[in-house]
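The block underneath contains the structure these notes are about, expressed in structure tokens.
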Amino acid sequence: MPSLTEDRLPTGSRPALGPAFRASIPVLLGYLTIGLAFGLLLVRSGQPWWLAPVMSAIVYAGAAQFMAVGLLASGTSIAEIAALTFVINARHMVYGLSLLDRFAPCRRFKAYLVFALTDETYGILTTVAPPDGVDHESFYATVSALDQSYWVIGSTLGALIGGSLPFDTKGIDFALTSLFIVLLVEQIRVVRRPAPYLVATAATALAFLLVGPANLLIVAILASIVGILPFRKALS
Amino acid sequence: MSALELGAPWAYALGAILAMAAVTILCRAAPFAFFIKRRPPAIVDYLQKYIPPMIMTVLVLGSYKGISFRATPDWVPGIVAGLAVAVLHLWRRNTLLSILGGTALYMLLIRLM
């Protein structure tokens with residue numbers, strides 16, 4: 001038994017659904033509307049509607065799915081699509097790296113937690129503490145599953161009826177930017193050292209100058225990690 | 001590979017989706033698979049602590065990567081609503097209030113400006 005698994009997560013008998021749902025409401029707003037846009041775009045590009053739920057169920061990576069719409073329409077080779085997907089999603093390797101300890105004691109849902117690790121779910125799981133008495137692993141899994149259900153439902157609706165929606169949702173996807181800002185404020189309350197924020201800001205600026213908006217995230221995250229290394233002595 | 005040889009017109013799309021799913025799972029599972037038996041080095045312990053604040057910083061700034069400061073009022077709604085979210089959250093610390101308030105303000109501003 002590896003030493004990593006000896007720690008235990010807090011358990012409890014209170015239902016996880018209520019608190020998990022409350023934590024996921026910002027993602028509900030963002031994923032439903034962005035999913036709608038994705039489903040609509042996919043169908044308009046000439047694909048059958050059911051590819052939207054299939055893709056959202058088994059790929060479940062927003063940026064890569066949007067990218068794929070154009071690539072599929074232009075008949076890009078599968079090898080090239082796979083390579084571009086890797087570039088877009090490589091940042092998730094870093095996410096996992098920072099969740100090794102948190103997920104180590106997980107048993108029942110660990111495989112799903114790893115599979116469903118999007119930017120937004122990562123932000124919630126690393127920042128929002130489950131309430132007392134709630135089983136932590138159940139809370140993580142319920143947040144993850146709710147988030148994915150919003151994405152699948154949104155993209156399916158978009159593919160089926162996206163063109164005939166009666167209301168104007170333009171701008172509602174700002175909920176995801178708002179979520180990231182809230183999670184950043186919460187991080188600042190916990191990690192009260194300026195270095196990580198300054199390093200990440202400098203790294204993002206550098207990445208923007210180097211590669212522009214495309215591939216910004218992965219370059220910025222890698223530059224952040226390199227940039228924080230010299231502070232190891234000062235921060236510990 | 002020629003997708004049309006697979007038969008149905010959507011076979012190519014389905015093949016591409018399966019490849020995308022495999023690559024995405026690989027990215028998400030890689031660190032867990034790599035450290036399944038071995039203890040991560042001390043440097044990973046250090047990084048685990050500081051990666052979340054750095055990633056949240058990158059994700060917030062990355063949300064604004066599309067704005068143009070040349071087209072004058074275009075950047076105003078995003079910046080104003082973003083600051084409103086931060087101020088609301090520092091003030092009341094109510095996640096839903098911060099997010100719904102900021103999003104509503106953003107939706108209002110892009111329609112007014």
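For the numbers below, each heavy atom of this structure counts, side chains included, while hydrogens, waters and symmetry mates do not. Naming convention: chains lettered A, B, ... in sequence-line order (proteins, then strands); numbering from 1 in each chain.
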Engaged part of B/A81 at the chain A interface, taking heavy atoms whose separation is under 4.5 Å: both
Under 4.5 Å from any heavy atom of chain A - which part of B/A42: both
Verdict with reasoning, B/R28 to A/T118, per side-chain contact (heavy atoms from CB on, under 4.5 Å): CA-CA 9 Å; B/R28 289 178 180 158; A/T118 61; 3.8 Å; yes
What part of B/L96 lies closer than 4.5 angstrom to a heavy atom of chain A: side chain, backbone, both or neither? side chain
Quick one: what part of A/V199 sits under 4.5 Å from any heavy atom of chain B, side chain, backbone, both or neither? side chain
Determine the interplanar angle of the A/F103 and B/F32 rings, folded into 0 to 90°, and report it as parallel if under 30°, tilted if 30 to 60°, perpendicular if over 60°. parallel
Proximity breakdown for A/F86 and chain B, heavy-atom pairs closer than 4.5 Å: both
Extract all donor-acceptor atom pairs below 3.5 Å that involve side chains of residues 61-68 of chain A and protein atoms in other chains or at least two apart in sequence.
| residue | atom | partner | partner atom | Å |
| --- | --- | --- | --- | --- |
| A/Q65 | OE1 | A/Y60 | N | 3.4 |
| A/Q65 | OE1 | A/A61 | N | 3.1 |
| A/Q65 | OE1 | A/W151 | NE1 | 3.1 |
| A/Q65 | NE2 | A/S56 | OG | 3.3 |

By a 4.5 Å heavy-atom criterion (distance strictly below it), what part of A/T204 contacts chain B: side chain, backbone, both, or neither? side chain
Honestly, the part of B/I25 sitting under 4.5 Å from a heavy atom of chain A is side chain
Options A/T126, A/V185, A/L97, A/I58, ranked by heavy-atom pairs under 4.5 Å with chain B, top entry: A/L97
A/L117 versus chain B, the contacting section by heavy-atom distance below 4.5 Å: both
When the 4.5 angstrom heavy-atom criterion is applied to A/P48 and chain B, the contacting part is side chain
So which residue, A/S98, A/A90, A/G75, A/A203, ends up with the most heavy-atom pairs under 4.5 Å with chain B? A/S98
Examine whether an atom of B/F34 lies under 4.5 Å from a heavy atom of chain A, and if so say whether it belongs to the side chain, the backbone or both; otherwise answer neither. neither
Would you mind checking which part of B/L108 comes under 4.5 Å of any heavy atom in chain A, side chain (CB onward), backbone (N, CA, C, O), both or neither? neither
Can you say whether A/L176 sits under 4.5 Å from chain B via the side chain, the backbone, both, or neither, judging by heavy atoms? neither
Could you work out, with side-chain contact (heavy atoms from CB on, under 4.5 Å) as the rule, every residue matching A/L235, not counting sequence neighbours? A/R193, A/A195, A/I228, A/F231, B/Y46, B/Y50
Mind checking whether B/Y106 and A/F174 have parallel, tilted or perpendicular rings, split at 30° and 60°? parallel
Which bit of B/V44 is near chain A, if near means a heavy-atom gap under 4.5 Å: side chain, backbone, both or neither? side chain
Atom group of A/S45 that falls short of 4.5 Å from chain B, counting heavy atoms: neither
So for A/V182, is it side chain, backbone, both, or neither that comes closer than 4.5 Å to the heavy atoms of chain B? both
Identify which of B/C27, B/S63, B/A21, B/G15 forms the greatest number of heavy-atom pairs closer than 4.5 Å to chain A. B/C27
Between A/I81, A/I172, A/L217, A/D173, which has the largest tally of heavy atom pairs under 4.5 Å with chain B? A/I172
Residue pair A/L229 / B/I43, side-chain heavy-atom distance below 4.5 Å: yes
